[in-house]
Student: 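What follows is a structure written as C-alpha cells; I'll ask about it next.
Below, each value reflects all heavy atoms present in this structure, side chains not excepted, and no hydrogens, waters or symmetry copies. One-based numbering along the sequence shown.
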Amino acid sequence: MTIQPIGNASVALYITPADLAEYGYTPAGLTLAQALVLTRAACADAGIVLEGTVEIEAYPECCGVLIFARVRPGGDQWFTFDDLEALLSAALALRPAAPDAALWWWEGRYWLSLPAGAERAAAVCCEFGALASPDPLRRARLEECGSSIFSHNALSALCYHFLRLHL
C-alpha cells in the first residue's frame, strides 16, 4: 500500500492486488466498508490520525484500488485571527446567515469556534484567519485560561456591536 497525505484532512491511498490478496479481497469484490477498514489500517500504520467522520471514494481496477479519504472533524472547528480587523471581515463576509459561533481572546489572538457542519463559514474563515489544528482540550483550555467574549452568536454580535449591522 502507498499512502499520500493531501493537506491536513485528506489522503490518497493506492492498494495493489497483492496487498488486497493479503486481506482476502480482490479489486472487483472490494466493498466500501472493506475499503474503509483498509484505509484506517493504512493510516494507522503511517501514523496518520483519522479523528471524526471519514468519507471515502474507491476506484477499483484490475491493477489495484485507488482510494481518496477525507476526514470531517467530529466537533467544533477552531480558527484564530491575529487582529480584530480580520475577524470583522470574516463576520461581514458571512452575513446574513452567520452560524452560531463562540469567541475567546487568548495568547494575543481571537479564537472562533464554529459548529461541525458549517463548511461555508469555515471556508470563509480560512480566508481571513487560520484553521487551528484539532485539539480535544481546546475549549476547556480557553474556558480556563482565555477570556470569553461571546459564548454564542459571536459573528452576529460582532456585526451588531462593531459594524452596526443587524443580522
Side-chain angles (χ1 to χ4, degrees), residues 1-14 35-36 38-59 66-167:
M1 286 186 247
T2 304
I3 190 166
Q4 179 66 44
I6 304 171
N8 62 354
S10 300
V11 296
L13 175 64
Y14 172 67
L36 180 58
L38 291 174
T39 301
R40 287 191 180 278
C43 287
D45 289 345
I48 299 171
V49 179
L50 297 179
E51 291 181 6
T53 303
V54 180
E55 298 173 349
I56 63 168
E57 295 178 47
Y59 301 95
L66 180 60
I67 298 174
F68 293 100
R70 179 174 180 244
V71 179
R72 290 184 178 261
D76 294 343
Q77 290 184 310
W78 291 90
F79 295 87
T80 61
F81 297 87
D82 292 332
D83 54 45
L84 185 59
E85 182 178 349
L87 179 59
L88 291 174
S89 294
L92 186 60
L94 288 168
R95 286 189 69 242
D100 188 22
L103 181 66
W104 281 269
W105 174 258
W106 184 49
E107 294 186 335
R109 292 185 288 180
Y110 293 95
W111 292 79
L112 182 74
S113 169
L114 292 178
E119 285 88 10
R120 179 185 170 274
V124 170
C125 286
C126 282
E127 293 179 28
F128 300 98
L131 177 63
S133 60
D135 180 356
L137 301 176
R138 180 166 288 120
R139 183 174 293 273
R141 191 174 301 116
L142 285 168
E143 288 175 356
E144 182 179 337
C145 304
S147 298
S148 176
I149 299 172
F150 296 112
S151 61
H152 65 284
N153 292 328
L155 297 166
S156 298
L158 287 167
C159 285
Y160 177 77
H161 291 290
F162 291 96
L163 303 171
R164 296 294 182 206
L165 299 173
H166 299 278
L167 297 177

Student: Tell me the closest heavy-atom pair linking A46 and I3, and the distance in Å.
Tutor: CB-CG2, 3.8 Å

Student: Check side-chain contact (heavy atoms from CB on, under 4.5 Å) between A12 and all other residues, then give those that pass, not counting sequence neighbours.
Tutor: I6, F68

Student: Residues two or more places apart in sequence or in another chain: which of them pass side-chain contact (heavy atoms from CB on, under 4.5 Å) with A58?
Tutor: L32, A35, V65, I67

Student: List in chain and number order the residues that pass side-chain contact (heavy atoms from CB on, under 4.5 Å) with A93, two or more places apart in sequence or in another chain; answer none if no residue qualifies.
Tutor: V124, F128

Student: Enumerate the salt bridge (Lys or Arg N to Asp or Glu O under 4.0 Å) contacts for residues 77-90, please, sequence neighbours excluded, ordered by first and then second residue.
Tutor: none

Student: Do the non-hydrogen side-chain atoms of H152 and F150 ever get within less than 4.5 Å of each other?
Tutor: no

Student: For L158 and L87: C-alpha separation, side-chain torsions, deciding distance, then whether side-chain contact (heavy atoms from CB on, under 4.5 Å) applies.
Tutor: CA-CA 9 Å; L158 287 167; L87 179 59; 3.7 Å; yes

Student: Heavy atoms only: give me the nearest A132-W111 pair and the separation to one decimal.
Tutor: CB-CZ3, 4.0 Å

Student: For the CG atom of L155 and the CZ atom of R95, what is their distance to the nearest 0.5 Å?
Tutor: 12.0 Å

Student: How far apart are the closest heavy atoms of L38 and M1, and which atoms are they?
Tutor: O-SD, 4.4 Å

Student: Just do the side-chain contact (heavy atoms from CB on, under 4.5 Å) check on L36 and V54 with the steps written out, would you?
Tutor: CA-CA 8 Å; L36 180 58; V54 180; 3.8 Å; yes

Student: To the nearest 0.5 Å, how far apart are OG in S10 and CD1 in I56?
Tutor: 13.0 Å

Student: Any side-chain heavy atom of L92 sitting closer than 4.5 Å to one from L163?
Tutor: yes

Student: Between D100 and N153 (side chain of the first, backbone of the second, donor and acceptor by atom type, cut-off under 3.5 Å), is there such a pair?
Tutor: yes

Student: With sequence neighbours excluded, tell me which residues meet side-chain contact (heavy atoms from CB on, under 4.5 Å) with I149.
Tutor: L103, W105, Y110

Student: Within a strict 4.5 Å, meaning less than it, do heavy atoms of the L13 and Q4 side chains meet?
Tutor: no

Student: For residues 138-147, dump all side-chain donor-acceptor pairs below 3.5 Å to protein atoms at least two apart in sequence or in another chain.
Tutor:
unit_1: R138; atom_1: NH1; unit_2: S133; atom_2: O; d: 2.8
unit_1: R138; atom_1: NH2; unit_2: S133; atom_2: O; d: 3.1
unit_1: R139; atom_1: NH2; unit_2: D76; atom_2: OD2; d: 2.4
unit_1: R139; atom_1: NH2; unit_2: S113; atom_2: OG; d: 3.1
unit_1: R141; atom_1: NH1; unit_2: D135; atom_2: OD2; d: 2.6
unit_1: R141; atom_1: NH2; unit_2: D135; atom_2: OD2; d: 3.4

Student: Could you walk me through whether L112 and W78 pass the side-chain contact (heavy atoms from CB on, under 4.5 Å) test, one step at a time?
Tutor: CA-CA 6 Å; L112 182 74; W78 291 90; over 6 Å; no

Student: Kindly give the heavy-atom pair with the smallest separation between P99 and A121, and that separation in Å.
Tutor: CG-CB, 3.5 Å

Student: Does Y14 have any side-chain hydrogen bond (donor to acceptor under 3.5 Å, both in side chains) partners at least two apart in sequence or in another chain, and if so, which?
Tutor: none

Student: Do F79 and L114 pass the side-chain contact (heavy atoms from CB on, under 4.5 Å) test, and can you show the C-alpha distance, the side-chain angles, and the key distance before you say yes or no?
Tutor: CA-CA 8 Å; F79 295 87; L114 292 178; 3.5 Å; yes

